[in-house]
Amino acid sequence: AYRRLAQMRDALHNTGRLLRVPPHEVPERVEALLERVGQLEDRLEDVARERRANLAGDLAASAQAIGERRLVVADAGEMAPGDLRQLALDIRNRLGAPSLVVVGARNNGKGALVAAATPDLVEAGISAGAIAGEGAAALGGGGSRDPELAQAGGPQGDQLDRALDIVREEASRRLRG
């Protein structure tokens, strides 16, 4: 019991040294640091959201017109799957109907695709899931088959450019009708 108590005292002393405070101030210092980490995480999320909004605006402005329909197929760089999904939705919302968006990204060596189609295109028989699935094969994987919003990917993130080329060709063909 004494040895365990001595270990705890040593750990507290070492923690205080690392935090540059006396041992009795360790709990308050840890609380302050945790609060600061939370603030920094919130700020980081704000910056990421702003970056995503700017990227969505740039990509929407570069949409390819195919008749009355609009198409965006783009590489978003390094991005987490949830952020990629939100980016696709942001672009689709900016474009309005009728539009199809497919964005790709690399994350931890893997490749990901998100495709988003407006409801009018889905009614016309254009499926985001089918289009994303075409590109997912190049990434060595698969994806969801949802016709309006689909996610796909695979372990071969180095093949993302090829996957986006496949998606661009397939989407253009389907949008031309």
Side-chain angles (χ1 to χ4, degrees), residues 37-38 40-177:
V37 166
L40 291 172
E41 287 174 340
D42 290 346
R43 178 66 184 130
L44 186 59
E45 180 56 36
D46 290 345
V47 169
R49 193 174 12 263
E50 184 177 320
R51 177 184 171 266
R52 206 172 42 241
N54 289 339
L55 183 57
D58 292 346
L59 293 175
S62 71
Q64 174 186 357
I66 299 176
E68 295 294 316
R69 298 168 171 177
R70 298 179 70 188
L71 172 65
V72 170
V73 177
D75 183 342
E78 189 79 22
M79 190 174 285
D83 292 337
L84 188 64
R85 180 179 185 275
Q86 190 58 53
L87 176 64
L89 291 171
D90 289 349
I91 297 167
R92 184 185 69 181
N93 291 343
R94 286 173 187 254
L95 291 175
S99 62
L100 174 64
V101 175
V102 183
V103 288
R106 291 164 197 82
N107 189 347
N108 297 323
K110 297 178 182 178
L113 298 170
V114 175
T118 52
D120 58 318
L121 289 182
V122 173
E123 288 176 20
I126 295 173
S127 169
I131 292 169
E134 296 285 331
L139 298 171
S144 68
R145 292 291 180 191
D146 187 301
E148 196 169 323
L149 180 64
Q151 294 182 252
Q156 299 169 1
D158 60 329
Q159 296 297 310
L160 183 61
D161 290 339
R162 186 168 147 252
L164 289 171
D165 287 343
I166 291 168
V167 163
R168 187 175 291 106
E169 286 181 33
E170 184 63 21
S172 295
R173 184 183 68 75
R174 290 182 188 214
L175 288 174
R176 283 188 180 92

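From a predicted model like this one, the values you see are computed outputs, not experimental measurements. Here, residue 1 is the first one in the sequence, and each next residue gets the next number.
In plain terms, the two heavy atoms of A163 and G135 that are nearest each other are CB-O, 3.3 Å.
Considering only residues two or more places apart in sequence or on other chains, E41 meets the side chain to side chain contact (heavy atoms under 4.5 Å, CB included) condition with V37. Legend: residues meeting side chain to side chain donor-acceptor pair (under 3.5 Å) with R168, ordered by chain and number and at least two apart, are D165. Residues passing the salt bridge (charged side-chain N to carboxylate O under 4.0 Å, His left out) test with E134, sequence neighbours excluded: none. With sequence neighbours excluded, no residue satisfies salt bridge (charged side-chain N to carboxylate O under 4.0 Å, His left out) with R69. Taking the salt bridge (charged side-chain N to carboxylate O under 4.0 Å, His left out) definition, one finds that D146 meets it with nothing, sequence neighbours left out.
The CG atom of D83 lies 10.0 Å from the CG atom of D90; values are rounded to the nearest 0.5 Å. With rounding to the nearest 0.5 Å, the separation of CG in L89 from CG in N93 is 6.5 Å.
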How far apart are the C-alpha atoms of L44 and L40, what are their side-chain angles, what is the distance that settles it, and do they pass the side-chain contact (heavy atoms from CB on, under 4.5 Å) test? CA-CA 6 Å; L44 186 59; L40 291 172; over 6 Å; no

For residues 110-119, which side-chain donor-acceptor pairs fall under 3.5 Å, sequence neighbours excluded?
residue: T118; atom: OG1; partner: S99; partner atom: N; Å: 3.1
residue: T118; atom: OG1; partner: S99; partner atom: O; Å: 3.3
residue: T118; atom: OG1; partner: D120; partner atom: OD1; Å: 2.6

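Salt bridge R106/D161: present, at least one basic N to carboxylate O contact under 4.0 Å.
S62 contributes a side-chain N or O that, together with a main-chain N or O of L59, makes up a donor-acceptor pair within less than 3.5 Å.
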